[in-house]
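All remarks here apply to the structure that follows.
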2 protein chains.
Amino acid sequence: MRDQLHPEEIEPDGDDFLPGLAIDAVIFGFHQNQLKILLLEYRNTGLMALPGGFILTNENLNDAARRVLSERTGLSDIYLEQFYVFGDLNRFDPAPMRAIMAAKGFMPPNNHWLLRRFVSVGYYALVDFTKAVPIPDSLSDSCAWYDLANLPLLMQDHQFIVQKALDTLRTDLDRKLIGFNLLAETFTMADLQSLYETILDQKLHRSGFQRKMLSLGILERLDKHYSGGAHKAPFLYRFIK
Amino acid sequence: MRDQLHPEEIEPDGDDFLPGLAIDAVIFGFHQNQLKILLLEYRNTGLMALPGGFILTNENLNDAARRVLSERTGLSDIYLEQFYVFGDLNRFDPAPMRAIMAAKGFMPPNNHWLLRRFVSVGYYALVDFTKAVPIPDSLSDSCAWYDLANLPLLMQDHQFIVQKALDTLRTDLDRKLIGFNLLAETFTMADLQSLYETILDQKLHRSGFQRKMLSLGILERLDKHYSGGAHKAPFLYRFIK
DNA sequence: TTATTATTGTACCAATTTGTTACAATAATA
DNA sequence: TATTATTGTAACAAATTGGTACAATAATAA
């Protein structure tokens, strides 16, 4: 959304971008049985926000989202999905953006394009936590993972956007088969079940879960896995298309 | 989308609207066991298009969609849902819009705001066919129902938009309970089953369908219905929230 | 080396849901 | 009054899901 600007973006016109339109990205990761999302923290303001960006005038909307994702995570080929367009008037509040620009030493005029109303397209993304390398944008001093269960206060309506993304992820989890995008290349059945339990926030029965997953025909069983656990070694699986 | 303009909208600036952003509406109805959608036909051009519109600068996005819906159908309180944002560059083709404006006797300059790139938010709506009164906009000479199974050639990417709306309707049909919005206030179980069969494009088993629908607890059974049919009179049902 | 321990893989049965057939009840028509 | 097509529901089979049980196993502890 109105948060990620490269130095060259703080211009009086913003002519390189589609006016009034932005992208907000809820980037999910999974680590130590916790769902996490990427958040930016803005220099000298204490404001925390979702990664986002604008759409170049010669760029497809979905490509702009992919660009934002890749700029914040270093990854390409990310699982990415539109989930909602946030277009209410009451999300228009120039104060946070003005604070961010002021912290950057820029005092914009009141009609600066970044201070006007924005409609924002919400995307959610699923990434392999172990592969993503969070990269702050030019205005933020950190880009890092935060536990979804314990988020800090977010700027504007970003808390609402996160909730809507999570709702969509929950309903998409079974219909589309997307959970795998949050895991590493190979994983155990227990990993997968823990992921599902965390996303859906409910316990699942081990036996039934395994039966259901295997019946989908999207898992390839690999060799046994003998890590530190003092127990029977589980199989490893890989997702197959 | 870039199709509905009142006379006052054909101005050099379009300052009353958010720039570059539009709404396309796929308005579904159901009549004589056929799914139908509303289409506009533009004067003197033969172009057919989805109803659409723009967002006023002081208007919520969803309210703009409701306004478009009410302007084309005369109905308020319509079931309405966002389903996708169409933001590819290749949907930008000024020719059809120029033809529509020319047919209206207006020769716009090449940089006219209506001839530039638009990102369009797709909404689908479900209305009671018997209550909706299709109303053309100021540039079209007809607004009418067309069989989804037998659509004419549509402008730009509108065929694609319709397909995506239908896909969404199909997956939403069971998750949310929205089919009733396409029926009249009261209906028979056969009506409801026919609706489901038409939307999903597959035969369903009468007994199982009835059992499932009744088990949802969202139907109120009314009196018997004795219409023309030379058969046992079916019950009427009403949808309850 | 051998018991201990926690977990894994899978078999098994119960409970529930879904798929299918059957048939009596019924409302108009012949 | 018989005929006809449809409706409402019962009945049962098949499939799916929920839950338990238990042998197999990999490390650790004795």
Side-chain angles (χ1 to χ4, degrees), chain A residues 30 32-33 170-171 173-177 179-180 183-240, chain B residues 30 32-33 170-171 173-177 179-180 183-240:
Chain A
F30 185 68
Q32 293 177 337
N33 294 339
R170 281 182 177 150
T171 61
L173 191 59
D174 283 318
R175 283 190 311 127
K176 313 168 179 183
L177 298 166
F180 312 100
L183 297 174
E185 176 71 15
T186 64
F187 46 85
T188 67
M189 195 55 76
D191 292 336
L192 189 58
Q193 183 174 347
S194 164
L195 172 67
Y196 270 67
E197 288 180 343
T198 305
I199 292 177
L200 301 175
D201 195 25
Q202 61 175 333
K203 281 277 164 207
L204 302 173
H205 285 276
R206 190 172 63 91
S207 182
F209 182 80
Q210 159 131 343
R211 183 173 44 196
K212 187 171 180 179
M213 283 299 139
L214 293 181
S215 76
L216 293 174
I218 53 173
L219 292 183
E220 180 189 7
R221 176 177 284 187
L222 306 175
D223 358 345
K224 285 277 185 177
H225 168 74
Y226 45 154
S227 64
H231 323 295
K232 180 172 179 178
F235 285 108
L236 282 177
Y237 294 90
R238 189 207 313 275
F239 173 62
I240 49 172
Chain B
F30 185 67
Q32 292 177 337
N33 294 338
R170 281 183 178 151
T171 62
L173 190 60
D174 283 318
R175 284 191 310 125
K176 313 167 179 184
L177 298 166
F180 311 99
L183 296 175
E185 176 72 14
T186 64
F187 46 86
T188 67
M189 194 56 75
D191 291 336
L192 189 57
Q193 184 174 345
S194 164
L195 172 67
Y196 269 68
E197 288 180 343
T198 305
I199 292 177
L200 300 175
D201 195 25
Q202 61 174 330
K203 281 276 163 210
L204 302 172
H205 286 276
R206 190 172 63 92
S207 183
F209 182 80
Q210 160 130 340
R211 183 173 45 196
K212 186 170 179 179
M213 283 299 139
L214 292 181
S215 77
L216 293 174
I218 53 173
L219 292 184
E220 181 189 5
R221 177 178 285 185
L222 308 174
D223 358 346
K224 285 277 184 178
H225 168 73
Y226 46 155
S227 64
H231 324 295
K232 181 174 178 178
F235 285 108
L236 282 178
Y237 293 89
R238 189 206 315 274
F239 173 63
I240 51 172

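Side chains are part of it too, since the values below use all heavy atoms of this structure and drop only hydrogens, waters and symmetry mates. Note on naming: letters A, B, ... go to the chains in the order of the sequence lines (proteins, then strands), and numbering restarts at 1 for each one. These numbers come from a predicted model, not from an experiment.
At whole-Å resolution of the value, CD in Gln193(A) and P in dG9(C) are 11 Å apart. The interatomic distance linking Phe209(A) (CZ) with dT20(D) (P) rounds to 19 Å, in whole Å. In this structure, CZ of Arg211(A) is placed 13 Å from C1' of dG9(C), rounded to the nearest angstrom. If you take CG of Asp174(B) and P of dT18(C), they are 10 Å apart, rounded to a whole angstrom. To the nearest angstrom, P of dT8(C) lies 12 Å from CG of Leu236(A). dT7(C) atom C1' lies 17 Å from atom CG of Leu192(A), rounded to whole Å. Rounded to a whole Å, the OH atom of Tyr237(A) is 11 Å from the P atom of dT8(C). With rounding to whole Å, Lys203(A) atom NZ is found 16 Å from dG19(D) atom C1'.
With sequence neighbours excluded, the residues satisfying salt bridge (charged side-chain N to carboxylate O under 4.0 Å, His left out) with Lys176(A) are Glu81(A), Asp172(A). Qualifying ring pair (Phe, Tyr, Trp, His ring centres under 6.0 Å) partners for Phe235(B), counting only residues two or more places apart in sequence or in other chains: none. Applying the side chain to side chain contact (heavy atoms under 4.5 Å, CB included) test to Ser207(A) and every residue at least two apart in sequence or in another chain returns nothing. Under the rule for a salt bridge (charged side-chain N to carboxylate O under 4.0 Å, His left out), the partners of Arg238(B) that lie at least two apart in sequence or sit in another chain are Glu185(B), Glu220(B).
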Pairwise N/O distances under 3.5 Å, protein to nucleotides 21-26 of chain C:
{"from": "dT26(C)", "atom 1": "O2", "to": "Lys232(B)", "atom 2": "N", "distance (Å)": "3.3"}

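With rounding to the nearest 0.5 Å, the separation of CZ in Arg211(B) from CG in Leu216(B) is 12.5 Å. Leu200(A) CG to Arg170(A) CZ: the interatomic distance, rounded to the nearest 0.5 Å, is 7.0 Å. How far OG1 of Thr186(B) is from CG of Asp223(B): 9.0 Å, rounded to the nearest 0.5 Å.
Each end of the helix from dT1(C)-dA30(D) to dA30(C)-dT1(D) gets its own rotation axis from five pairs of C1' atoms, and the angle between them is 10° to the nearest 10 degrees.
Distances shown here put every side-chain N or O of Gln210(A) at or beyond 4.0 Å from the OP1 or OP2 atom of dT8(C). The side chain of Arg221(A) places no N or O atom within less than 4.0 Å of a non-bridging phosphate oxygen (OP1 or OP2) of dT8(C).
Residue contacts for Gly208(B): at a heavy-atom cut-off of 4.0 Å it reaches a base atom on one of the strands shown.
The heavy-atom pair separating Gln193(B) from Leu204(B) by the smallest distance is NE2-O, 3.0 Å.
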Could you give me the CA-CA distance, side-chain angles and deciding distance for Asp191(B) and Ser194(B), then say whether side chain to side chain donor-acceptor pair (under 3.5 Å) is met? CA-CA 5 Å; Asp191(B) 291 336; Ser194(B) 164; over 6 Å; no
